[in-house]
Enquirer: 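Dumping the structure here so I can ask a few things about it.
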Amino acid sequence: MWQLGITLSLMAIGYYFGRAAENKHFKSIRKREKKYRNLPAVTFKSLPPEQPKPTDSKLVIGSTVVSIDYFKRFLGMIGNIFGGNLSSYESLIDRGRRESLLRMKKAAKDADMIINIRIETSMIGQSANQKGSVGSIEVLAYGTAVKF
Amino acid sequence: MKLSNIETIPGKNITKFYGMVSGSTVRAKHIGRDLMAGLKNIVGGELVGYSELLQESREEAMKRMVAQANEIGANAIVNIRFSTSSVAQGAAELYCYGTAVTVE
C-alpha cells in the first residue's frame with residue numbers, strides 16, 4: 001500500500017516541478033532563439049551562391065542531455081497501450097533539440113553563418129538498454145561556422 | 001588544425017588527401033553523478049552532470065582524432081561525423097571520424 005503512496009507522490013512531484021521547469025526552460029529557449037535570429041543556420045552542404053569568400057571557419061558543437069519526468073513517463077506508458085501521439089515525449093525531444101541548437105550557435109560566437117547542420121539523437125542512461133523505454137536522451141547538434 | 005563537417009574547408013583548397021582518422025572514448029558515469037541523475041529523473045529536465053560528462057568525453061575523442069591527423073602530417077580534417085552508442089549499462093561510447101587533408 002505504501003509503495004503505491006510513494007509512486008503517487010513521485011508522480012505528483014514530477015507533475016508540478018516537471019511542468020514548472022519545462023515552462024521555464026521553454027521561456028528561456030524562446031528568449032535566446034530571438035537573440036540568435038540574425039545568425040543564419042542552414043543544412044546546406046556548401047555555402048549558398050553569391051556569398052563573399054569566407055576567411056575563417058570552425059567546427060561548432062552543442063549537446064544536451066534531457067530526461068523525462070515521472071508523471072510524463074507514466075503518461076507515456078499509458079499512451080503505449082492505446083497508441084497514437086505521445087505528446088509528452090514530443091516536448092522532451094523538442095526541448096533537447098532546440099537547446100542543443102542554441103548551444104551550438106553560442107559556440108559559433110562571431111561567425112556569420114553556420115552551414116551543414118546535423119542533429120543526432122541517442123539514448124543514454126540506465127534505461128537505454130531496456131526495451132521500449134526512453135529514460136534520458138542526448139541530442140547533439142553540429143555544423144561548420146563560417147566567417148566572411 | 002582546421003576542422004569542418006563539410007567536404008572542404010570554406011575558402012581553402014585541398015592539396016592532399018591522407019585518409020580517414022578517428023578517435024573514440026568510452027566513459028562511465030561517476031557514481032555521485034549517477035545518483036543525482038536518478039533523482040533528477042523524477043522531475044525531468046536537463047541532466048547537467050551527464051551533459052558535461054559527454055561534452056568532456058567528446059572533446060577527448062576529438063583530441064585523439066586530431067593527434068592522429070597531426071601524426072600523419074595533415075593540417076585539416078574535413079567531413080567530420082559523430083556517433084554515440086551505449087555499449088554497457090551506464091557507459092557511453094563517443095566516436096568521431098573524418099578525413100585528414102592538407103589545405104593551402
Side-chain angles (χ1 to χ4, degrees), chain A residues 10-11 13-22 24-25 44-47 53-73 92 95-96 99 103 113 115-118 120-129 135-136 138 140 142-148, chain B residues 1-13 27-29 33-59 61-62 65-66 76-96 98 103:
Chain A
L10 282 182
M11 251 191 251
I13 291 172
Y15 179 68
Y16 286 108
F17 289 92
R19 200 170 60 160
E22 189 179 84
K24 206 175 138 200
H25 192 199
F44 300 149
K45 273 207 152 180
S46 54
L47 281 170
K53 199 171 154 64
T55 54
D56 198 14
S57 71
K58 67 172 180 181
L59 187 74
V60 285
I61 304 172
S63 76
T64 329
V65 179
V66 283
S67 136
I68 199 159
D69 66 53
Y70 213 84
F71 179 70
K72 285 192 168 181
R73 191 170 310 187
L92 171 82
R95 242 170 116 176
E99 180 69 41
R103 285 190 186 169
M113 191 180 250
I115 54 174
N116 200 23
I117 293 174
R118 292 288 176 267
E120 231 170 70
T121 318
S122 56
M123 279 181 236
I124 61 151
Q126 285 161 325
S127 47
N129 297 324
S136 43
E138 198 227 356
L140 166 72
Y142 58 103
T144 304
V146 180
K147 197 166 164 49
F148 296 124
Chain B
M1 182 68 64
K2 287 245 164 231
L3 305 175
S4 91
N5 74 335
I6 55 176
E7 275 101 5
T8 56
I9 299 287
K12 299 248 169 40
N13 285 331
R27 281 281 173 103
K29 294 167 303 199
R33 278 171 167 171
D34 212 10
L35 204 68
M36 279 308 291
L39 290 177
K40 196 76 200 280
N41 256 330
I42 297 166
V43 292
E46 193 191 346
L47 307 177
V48 181
Y50 282 1
S51 289
E52 279 168 9
L53 179 84
L54 287 178
Q55 214 174 325
E56 279 164 24
S57 340
R58 192 164 286 123
E59 268 160 27
M62 280 174 72
M65 180 178 73
V66 169
I77 304 175
V78 295
N79 219 355
I80 293 171
R81 295 282 177 271
F82 291 95
S83 83
T84 315
S85 49
S86 122
V87 282
Q89 230 187 31
E93 194 219 8
L94 300 149
Y95 183 55
C96 62
V103 293

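The sequence lines fix the lettering, A, B, ..., with proteins before strands; numbering per chain opens at 1.
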Enquirer: Can you tell me how far apart CD (B:Glu93) and OG (B:Ser57) are? Round to the nearest 0.5 Å.
Expert: 11.0 Å

Enquirer: For A:Leu140, is it the side chain, the backbone, both, or neither that has a heavy atom closer than 4.5 Å to a heavy atom of chain B?
Expert: side chain

Enquirer: Let me have the donor-acceptor pairs involving side chains of residues 54-63 of chain A, under 3.5 Å, with sequence neighbours excluded, atom names and distances please.
Expert:
{"unit_1": "A:Thr55", "atom_1": "OG1", "unit_2": "A:Lys147", "atom_2": "O", "d": "3.2"}
{"unit_1": "A:Asp56", "atom_1": "OD1", "unit_2": "B:Lys2", "atom_2": "NZ", "d": "2.5"}
{"unit_1": "A:Lys58", "atom_1": "NZ", "unit_2": "A:Ala107", "atom_2": "O", "d": "3.3"}

Enquirer: Non-hydrogen atoms of chain B under 4.5 Å away: do they reach the side chain of A:Lys53, the backbone, both or neither?
Expert: side chain

Enquirer: At a 4.5 Å cut-off on heavy atoms, which part of B:Ile77 comes close to chain A: side chain, backbone, both, or neither?
Expert: neither

Enquirer: Chain A heavy atoms under 4.5 Å from B:Arg58: which part of the residue, side chain, backbone, both or neither?
Expert: side chain

Enquirer: Give a yes or no on whether B:Tyr95 atom OH has more than 12 heavy-atom contacts from other residues, nucleotides or ligands under 6.0 Å away.
Expert: yes

Enquirer: Checking A:Glu22 now: which residues fulfil salt bridge (charged side-chain N to carboxylate O under 4.0 Å, His left out) with it, not counting sequence neighbours?
Expert: A:Lys72, A:Arg95

Enquirer: Is it true that atom CZ of A:Phe148 has more than 12 heavy atoms of other residues, nucleotides or ligands lying nearer than 6.0 Å?
Expert: yes

Enquirer: Return the option, out of A:Tyr142, A:Tyr16, A:Phe17, with the maximum number of heavy-atom pairs under 4.5 Å with chain B.
Expert: A:Tyr142

